[in-house]
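Report on the structure given below.
We use all heavy atoms of the structure for the numbers below, so side chains are in, but hydrogens, waters and symmetry mates are not.
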Amino acid sequence: MKKIAALALALGAVLVTPAAAADSAQTSAAKQVEIVNFAFKPGTLTVSKGATVEFENESNTTHTVTRNGGGFDKRVGAGKAVAIRFQSRGSFAYHCKIHPTMKGKIVVQ
């Protein structure tokens, strides 16, 4: 293991342990909401305060990401993405204004 670490250091690489790789994958995956088949996936996402969540529209129609009661209202074209940063803790319910049955929630810890 020491030789691998020394080689990684010499090559300018970052040595990632399996546990660190799993944590990194969770963090990346936990910051994205996909819009697929007229649904937000996942329906509820929990992130840390200050996190930026990317809403990626995988469908072939335009949707919105609109907070219930105001606060954000982003239009997301087909095949496009928008990012929203969550600066305060709380629960943020949202929906699509164009397709009101589409609902989701971001929980910020």
- Considering all heavy atoms, the nearest Asn60-Ala78 contact: C-CB, 3.5 Å

- What is the minimum heavy-atom distance between Met102 and Ala39, and which atoms define it? CE-N, 3.8 Å

Enter the distance from [X]:[atom1] to [Y]:[atom2] here, rounded to the nearest 0.5 Å.
X     : Y      : atom1 : atom2 : answer
Thr52 : Ile84  : OG1   : CD1   : 10.0 Å
Leu45 : Phe92  : CG    : CZ    : 12.5 Å
Ser59 : His99  : OG    : NE2   : 8.0 Å
Tyr94 : Lys105 : OH    : NZ    : 10.5 Å
Gln32 : Glu34  : CD    : CD    : 5.0 Å

- Going by heavy atoms in the side chains, are Val108 and Val47 under 4.5 Å from each other? yes

- Do Lys80 and Asn57 have side-chain heavy atoms sitting under 4.5 Å apart? no

- Message: Let's go through Ile106 and Val33 carefully: what are the C-alpha distance in whole Å and the side-chain angles of both, what is the deciding distance for side chain to side chain contact (heavy atoms under 4.5 Å, CB included) to 0.1 Å, and is it a yes or a no?
- Response: CA-CA 10 Å; Ile106 304 295; Val33 174; 4.2 Å; yes

- With hydrophobic residues grouped by side-chain heavy-atom distances under 4.5 Å, do Ile35 and Phe38 end up in a single group? yes

Please table the atom pairs, donor to acceptor, closer than 3.5 Å between any side-chain atom in residues 65-77 and protein atoms at least two apart or in another chain.
from: Thr66; atom 1: OG1; to: Thr64; atom 2: OG1; distance (Å): 2.9
from: Thr66; atom 1: OG1; to: Asp73; atom 2: OD1; distance (Å): 2.7
from: Asn68; atom 1: OD1; to: His95; atom 2: ND1; distance (Å): 2.6
from: Asp73; atom 1: OD2; to: Lys97; atom 2: NZ; distance (Å): 2.7

- Query: With a 6.0 Å cut-off on ring centres, are His63 and Phe40 close enough?
  - Reply: no

- Message: With side chain to side chain contact (heavy atoms under 4.5 Å, CB included) as the criterion, how do Thr44 and Val107 come out once you've worked through the C-alpha distance, each side chain's angles and the decisive distance to 0.1 Å?
- Response: CA-CA 7 Å; Thr44 299; Val107 177; 4.0 Å; yes

- According to the salt bridge (Lys or Arg N to Asp or Glu O under 4.0 Å) rule, which pairs have a member within residues 40-63, sequence neighbours left out? none

